[in-house]
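Please read the structure below before turning to the comments.
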Amino acid sequence: MSKDVMADLKRDHIVKLLSKGIRVDGRKFDEMRPINIEKNYIKSAEGSARVHLGNTDVIVGVKMIVGQPFPDTPNKGVLTTNAELIPLASETFESGPPGRPAIELARVVDRGIREGQAVDMEKLCIEAEKEVWIMFVDIHIIDYDGNLFDAANMAAIAALKNAVVPAKRADKGEDFPLPVAHEPISVTAVKIGEHILVDPTYDEEIVADARLTVAANENGNLCAMQKGGEGSFSVDEVLQVVDLSRRLGAEVRSKT
Amino acid sequence: MGGTPLPEGIKLIDENGKRVDGRMPDELRPLRIEAGVLKRADGSAYLEWGQNKVMAAVYGPRECHPRHMQDPTRALVQCHYNMASFSVDDRKRPGPDRRSQEISKITSEALTNVVFTEYFPRTSIDVYVEVLQANAGTRCAGLTAASVALADAGIPMKDLVASCAAGKVADTMVLDLGKEEDNFGQADIPVGYIPRTGEIVLLQMDGDLTTDQFRTGLGMAVDACKRIYEVQRDALRRRYTIPAGGNEDADNPEVR
C-alpha cells in the first residue's frame, strides 16, 4: 500500500487518541463498522453481493461456466478468485495488471473460501475427468476506506449463498442453488503501536505496523490466516486476534 | 489441503507415531546452510532443507529502480521469489505467478522488519530467492536463506529471521511438512520469527484447526525457528572464520 504523505501526521494523531482508548471514528477497539449487505445486486451474475463496511464499498460477482477439471481433482469443480483494485476506488489504485496488493487480497479471500470448504466442490462435477463447473469469484472494489479483506470475504460468502448454478443455460439440466456447505468469515485486525484494532479504516490501515486476518468457520475452527505489513505480532497478540475473529465473525456471518 | 483423499497405502502417521519419512512429529528435516556461495552478489546463501534446494542472493543497497519507488527516508527491501521451471514434478511455467508474487510480498515485509532501512535512504536492497528444487516449505526455506544472505552482504540488521512451518497431518500437530504431508495434510502454518525479540514477522495458515491445535502448532513452529536460527548463525560463523594458517585464530575454537 503506497504511503500517504500525511501518514506521519495522522499517525501521531491516531496514536495519541488510542493511548486514551479512543479511535478516530469513536468505535471500540473490538468493534466492527456498520455492515450493510445487498444480496443479488447484479442480475447478470450467478450470484452477487454489494457490501458496505463503513465507507468501504465492495461488489463480488460469481460467474460460472462449464470447463475441464484439474487432473488431480477430476471430480471437483474449480474455484478462481480475482480482485481488481480499480482507480475509481482510490487515488492510490492504478490501472493495469493486478499488483501485489490485489493478488494478496484475492488469494486471502480464495484461501478462506477454499480451506473453509465453503462450497461442496464435488457437487459441481458434471462428468468426472471431463466436465465440471468453473466458478469465478470476482471482487470489485468500488470505494476504499480500509479493510478490503473482510469486506471482500463477506461479500464473497453472501454472493455464494445466493448463487444459482446456470445449468439450463449450459444445457446441463435444471438450475440449482450453489451447494454452500460452510460459511468461513474473516476478521482483520491491525496493530498500531501497542494497540490491536479490528476492522481498520483507511487512515488506521496506512499508519498500522502490521495486519492479521483470521478466518474461522461456524464451528469455531480456524481455516485461513494471513499476516501482512512490516511490523510484528507476539504469540499472545496472535492468539488475541484469533479470539476476536471467532467472536466477531459469528456476528458478521449472521448478516451474510 | 483438507480436501484431497489419501492414496491407498500411505499412512501419514504410523503405529509408532512416526511420519511418512520416518520423522517424529517435532523433528525437522535435515537442514544445511552455506553463506557466501556466489561471487557476483553482495551477499548470498545456499540452503538444503530435506529435498528443498534454495539459493538466495542480495544486491545492494543500490540505486532504486524504478525511481518513483524511491523512499527519501529509507531503503526498500524488495524480495523476488522465483521457482525454477524444473524445480517441481510438472514443469512450472517460468516467470512470476500469483503465488510467487504473494510470497515475494510477505517475505519482503518480514525482511524489512529486521533491516535498518533508515541507514540507506533512496536505495533498494534486492533479495533474489531462487527455488532450484522444491519439496514443500519453500517459502520458509527462502526466508531463512534470504536473511543469511542479507547478513552475508553486511547489511545492518536487528537480527536474523528464522522460518519454519507447523501443520496438522492425520489429526497430529507436526513440524516442517514434507511434500506428501503438504498435499494430504489437514493444515499448514508457515511462521517467520525473530528469536532475539520474540516477534512474529510472517504468519499464514490454511486448512482446518481448532484454537488449541493452532496454539500448539504456533508454539512448535516458534521453537523450531530457534533451532533453525542456530544453523543460520553457524553458517555465518563458518563463513567468517579465518582459515587455519592465519595467526588471528588463536582464540577461535571453530578453526581446524
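Chain naming here is simple, since letters A, B, ... match the order of the sequence lines and numbering starts at 1 in each.
- Residue with the most contacts toward chain A among V77(B), I189(B), N113(B): N113(B) (heavy-atom pairs, distance under 4.5 Å).
- Atoms OG and CD1, on S232(A) and I200(B) in that order, are 8.5 Å from each other to the nearest 0.5 Å.
- Atom CE of M205(B) sits about 11.5 Å away from atom CG of L212(A), to the nearest 0.5 Å.
- Between the CG atom in L203(B) and the OG1 atom in T213(A) there is a gap of 10.0 Å [rounded to 0.5 Å].
- Around CD of E194(A), the count of heavy atoms belonging to other residues, nucleotides or ligands within 6.0 Å does not exceed 12.
- Interface remark: L218(B) contributes side-chain atoms only to the contact with chain A (heavy atom separation under 4.5 Å).
- Interatomic distance, CG of D188(B) versus CE of M225(A), reported as 12.0 Å (0.5 Å rounding).
- In terms of the ring-ring contact (aromatic ring centres under 6.0 Å, His included) criterion, F136(A) has no residue partners (sequence neighbours excluded).
- With a 4.5 Å cut-off on side-chain heavy atoms, P98(A) and Q101(B) do not count as touching.
- With a threshold of 4.5 angstrom between heavy atoms, S104(B) approaches chain A through its backbone and through its side chain.
- The number of heavy atoms from other shown groups lying within 6.0 Å of CD (E118(B)) is above 12.
- Side-chain atoms of E230(A) and V201(B), non-hydrogen and from C-beta on, never get closer than 4.5 Å to each other.
- A pairwise comparison of heavy atoms in R100(A) and S108(B) identifies NH1-OG, 4.0 Å as the closest pair.
- Closest approach of R98(B) to A106(A), counting heavy atoms only: NH2-CB, 3.2 Å.
- A distance of 9.0 Å separates CG of D72(A) from CG of D90(B), quoted to the nearest 0.5 Å.
- Residue E230(B) qualifies as enclosed at atom CD: its count of foreign heavy atoms under 6.0 Å is above 12.
- Counting non-hydrogen atoms of neighbouring residues, nucleotides and ligands closer than 6.0 angstrom, the NZ atom of K130(A) reaches no more than 12 such neighbours.
- To the nearest 0.5 Å, atoms CG (D208(B)) and NE2 (H182(A)) are separated by 8.0 Å.
- With a threshold of 4.5 angstrom between heavy atoms, V222(B) approaches chain A through side-chain atoms but not through N, CA, C or O.
- Your options are G228(A), G229(A), G116(A), and the one with the most heavy-atom pairs under 4.5 Å with chain B is G229(A).
- Side-chain atoms of E104(A) and I106(B), non-hydrogen and from C-beta on, do get closer than 4.5 Å to each other.
- The heavy-atom pair separating T211(B) from G220(A) by the smallest distance is OG1-O, 4.4 Å.
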Stepwise salt bridge (charged side-chain N to carboxylate O under 4.0 Å, His left out) test for E102(B) and R111(A): CA-CA 12 Å; E102(B) 184 196 356; R111(A) 203 171 295 151; 2.7 Å; yes
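- Of the two parts of V238(A), only the side chain, counted from C-beta on, holds a non-hydrogen atom closer than 4.5 Å to a non-hydrogen atom of chain B.
- At a 4.5 Å heavy-atom cutoff, the contact between T112(B) and chain A is made by side-chain atoms alone.
- Of all the heavy atoms in E115(A) and D206(B), the pair that sits closest is CG-CB, 3.4 Å.
- Between chain B and the residues G99(A), A216(A), G231(A), the most heavy-atom pairs under 4.5 angstrom are made by G231(A).
- At a 4.5 Å heavy-atom cutoff, D236(A) makes no contact with chain B through either its backbone or its side chain.
- For L239(A), the part lying under 4.5 angstrom from a heavy atom of chain B is the side chain only.
- Counting heavy atoms from C-beta on, the side chains of F214(B) and V242(A) come closer than 4.5 Å.
- Heavy-atom contacts from other residues, nucleotides or ligands closer than 6.0 Å to CZ of R93(B) number 12 or fewer.
- A 6.0 Å sphere centred on CD of E218(A) holds more than 12 heavy atoms belonging to other residues, nucleotides or ligands.
- Contact count against chain A (heavy-atom pairs under 4.5 Å) is highest for R99(B) among M69(B), R99(B), R215(B).
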